[in-house]
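Below: one structure, written as structure tokens.
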Amino acid sequence: MDKGLSLKEIGEFGLIDYFKKIIKLDRRVLRGIGEDAAVVSYTKKKYLLFTTDMLIEDIHFKIKEATPYEIGWKALGCSLSDIASMGGRPLYALVSIGVPEKTSFNFIRKIYQGINGLADIFKVKIVGGDTNRAERLIIDVFLVGEVEKGKVVYRKGAKLNDVIAVTGSLGNSYKSKKHLRFVPRIKEARFLINNFKINAMIDLSDGLSSDLFHILKENKKGAIIFKEEIPLSPKASFEQALHEGEDFELLFTLTEKEAGRISAEKKRINFPISFIGKIIEGEKMWLYSKKGDFKAIEPQGFRHF
Ligand code: ADP
Ligand code: MG
């Protein structure tokens, strides 16, 4: 038997780093593994964006806790959220499903109503997919989007002294079912990139500590988070807001000057934006509270292994 490293020892992100190392790209690929969506040459003015997200029964949702409509909605929502984080506009999707034999037709019909409900809002066209038998329900949505060359936002781009900002509120996503019902922040991301200079952006899927850490690693920078500035969702604890994940909000950085412009134009902006921290030197995350506590924090979001 192979006595090599186990996946648990390598870890989810270690495995993805390995894929990145062995995969060869060409000039038409501007960004491959490591972004929320891959960025590929397209027209004179635009790039194409590719992203895929898989939902697996009992890992990403529980049949007893989610309606089929919500499962479908979330499946497309996760991919839309990745396009949002690049500043993109979604276009076409392929939907692949693995279904246990005992599943009723009605259940699948409702999953598709959920997918269609969200697709209609953002004018996404479902252009194909794949259907298979599986032990557990699996849905994968592959989504293509586009973004103007001058407006694409990467995880890379955060500058020293940048303000760290988030949309909406964080924490308690599982219990409140936000993770099944969220509206991906496509419109908000488009508004931000059209009106302000956003230096770096990611969507909050793994959790604030984990997703901020992705930005820091990419930029070889550190961050201070101001505890009291984190916008908590109803009934959310601070720990949940920091680590639990699946908020599907946007986390972004911008200069102090641009943040000042946002503050000045708050009345014109019809969604919440909170300034929660600052980019600093060093590759560590620090938590600062008004009480005077100052401590290092580690990324602790969800890992598959
Ligand atoms: P997100 O949470 O934004 O969907 P992930 O953490 O799933 O992102 O993935 C991180 C990066 O790794 C992405 O750029 C994704 O395309 C890439 N990636 C994940 N799994 C694989 C895989 N099996 N093969 C190649 N690239 C992968
Ligand atoms: Mg993402």
Side-chain angles (χ1 to χ4, degrees), residues 7 10-26 28-40 47-56 59-61 74-90 93-96 98 122 138-145 147 152-158 164 166-168 170 173-174 178-179 182-186 188-189 192-193 198 200-219 243-253 299-305:
L7 290 183
I10 296 176
E12 179 186 341
F13 295 132
L15 192 59
I16 292 174
D17 281 345
Y18 170 74
F19 294 148
K20 196 170 172 174
K21 257 185 229 144
I22 61 161
I23 287 170
K24 291 197 178 66
L25 301 174
D26 65 25
R28 298 202 60 195
V29 183
L30 286 112
R31 292 287 199 287
I33 297 172
E35 283 295 337
D36 291 299
V39 183
V40 176
Y47 294 133
L48 273 183
L49 302 170
F50 295 141
T51 185
T52 187
D53 261 290
M54 189 187 281
L55 295 189
I56 303 176
I59 295 180
H60 302 95
F61 61 85
K74 178 174 182 177
L76 179 58
C78 293
S79 292
L80 282 167
S81 185
D82 279 327
I83 295 293
S85 78
M86 311 296 293
R89 201 185 285 127
L94 297 170
V95 177
S96 300
F122 294 106
I138 300 171
I139 308 184
D140 179 80
V141 177
F142 170 76
L143 183 62
V144 175
V147 63
V152 64
V153 194
Y154 298 118
R155 292 177 178 184
K156 200 175 176 114
I164 301 168
V166 289
T167 60
L170 310 183
S173 179
Y174 287 98
K178 182 184 180 187
H179 77 112
F182 66 98
V183 177
R185 301 302 186 203
I186 297 277
E188 291 79 357
L192 287 168
I193 60 159
I198 307 301
M201 189 149 68
I202 190 168
D203 67 316
L204 287 171
S205 52
D206 296 338
L208 175 59
S209 64
S210 251
D211 291 317
L212 176 58
F213 196 68
H214 287 313
I215 287 192
L216 299 179
K217 234 174 76 181
E218 206 54 54
N219 292 284
H243 303 301
E244 192 186 61
E246 301 240 327
D247 288 302
F248 297 104
E249 296 292 346
L250 298 168
L251 173 72
F252 57 99
T253 86
Q300 275 179 34
F302 182 78
R303 299 281 183 284
H304 286 275
F305 24 75

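Just follow the structure's listing: the first ligand is 1, and inside any ligand the first atom is 1. We number each residue from 1, following the sequence as shown.
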I'd like to check atom 16 (O) of ligand 1 in this structure: does the protein have a heavy atom lying under 4.0 Å from it?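 Answer no: nothing from the protein, no heavy atom, is under 4.0 Å.
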
Non-hydrogen atoms of [X] and [Y] that approach each other most closely:
{"X": "K217", "Y": "D17", "result": "NZ-OD2, 4.3 Å"}
{"X": "G245", "Y": "S173", "result": "O-CB, 3.7 Å"}
{"X": "A75", "Y": "V141", "result": "O-CG2, 3.6 Å"}
{"X": "I193", "Y": "M201", "result": "CG2-CE, 4.5 Å"}
{"X": "C78", "Y": "D53", "result": "O-OD2, 3.7 Å"}

Would you compute the distance between atom CZ of R155 and atom CG of D211 and round it to the nearest 0.5 angstrom?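 R155 CZ to D211 CG: 7.0 Å, rounded to 0.5 Å.
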
Of the choices E35, E12, R31, which has the non-hydrogen atom that lies closest to atom 13 (C) of ligand 1?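 Shortest heavy-atom distance from atom 13 (C) of ligand 1: E35.
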
Nearest non-hydrogen contact with atom 4 (O) of ligand 1 belongs to which option: D206, I202, D82?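 That would be D82.
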
Looking at [atom], what's its closest protein heavy atom, distance included?
{"atom": "atom 25 (C) of ligand 1", "result": "I33 CD1, 3.6 Å"}
{"atom": "atom 2 (O) of ligand 1", "result": "S205 OG, 3.3 Å"}
{"atom": "atom 11 (C) of ligand 1", "result": "G34 N, 3.8 Å"}
{"atom": "atom 24 (N) of ligand 1", "result": "F19 CD1, 3.5 Å"}
{"atom": "atom 3 (O) of ligand 1", "result": "D36 OD1, 2.8 Å"}
{"atom": "atom 8 (O) of ligand 1", "result": "R155 NH2, 4.1 Å"}
{"atom": "atom 9 (O) of ligand 1", "result": "I16 CD1, 3.9 Å"}

Please state whether the separation between the Mg ion (ligand 2) and some N/O/S atom of D203 is under 2.8 Å?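 Yes - counting backbone and side chain alike, D203 has an N, O or S atom under 2.8 Å.
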
Name of whichever N/O/S atom of D36 is nearest to the Mg ion (ligand 2):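 Looking at D36, the N, O or S atom with the least distance to the Mg ion (ligand 2) is OD1.
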
Closest approach to the Mg ion (ligand 2) by D82, given as the N, O or S atom name: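 Output for this pair reads OD1.
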
Between the side chain of S85 and the main-chain N/O of D82, is any donor-acceptor distance below 3.5 Å?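 Such a contact is found between S85 side chain and D82 backbone.
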
Checking side chain to side chain contact (heavy atoms under 4.5 Å, CB included) for the pair T167/F252: CA distance, chi angles, key distance, verdict? CA-CA 9 Å; T167 60; F252 57 99; 4.1 Å; yes

Assess the residue pair T51 and D36 against the criterion (side chain to side chain contact (heavy atoms under 4.5 Å, CB included)); give the C-alpha distance rounded to whole Å, side-chain angles, the decisive distance to 0.1 Å, and a yes or no. CA-CA 7 Å; T51 185; D36 291 299; 6.0 Å; no

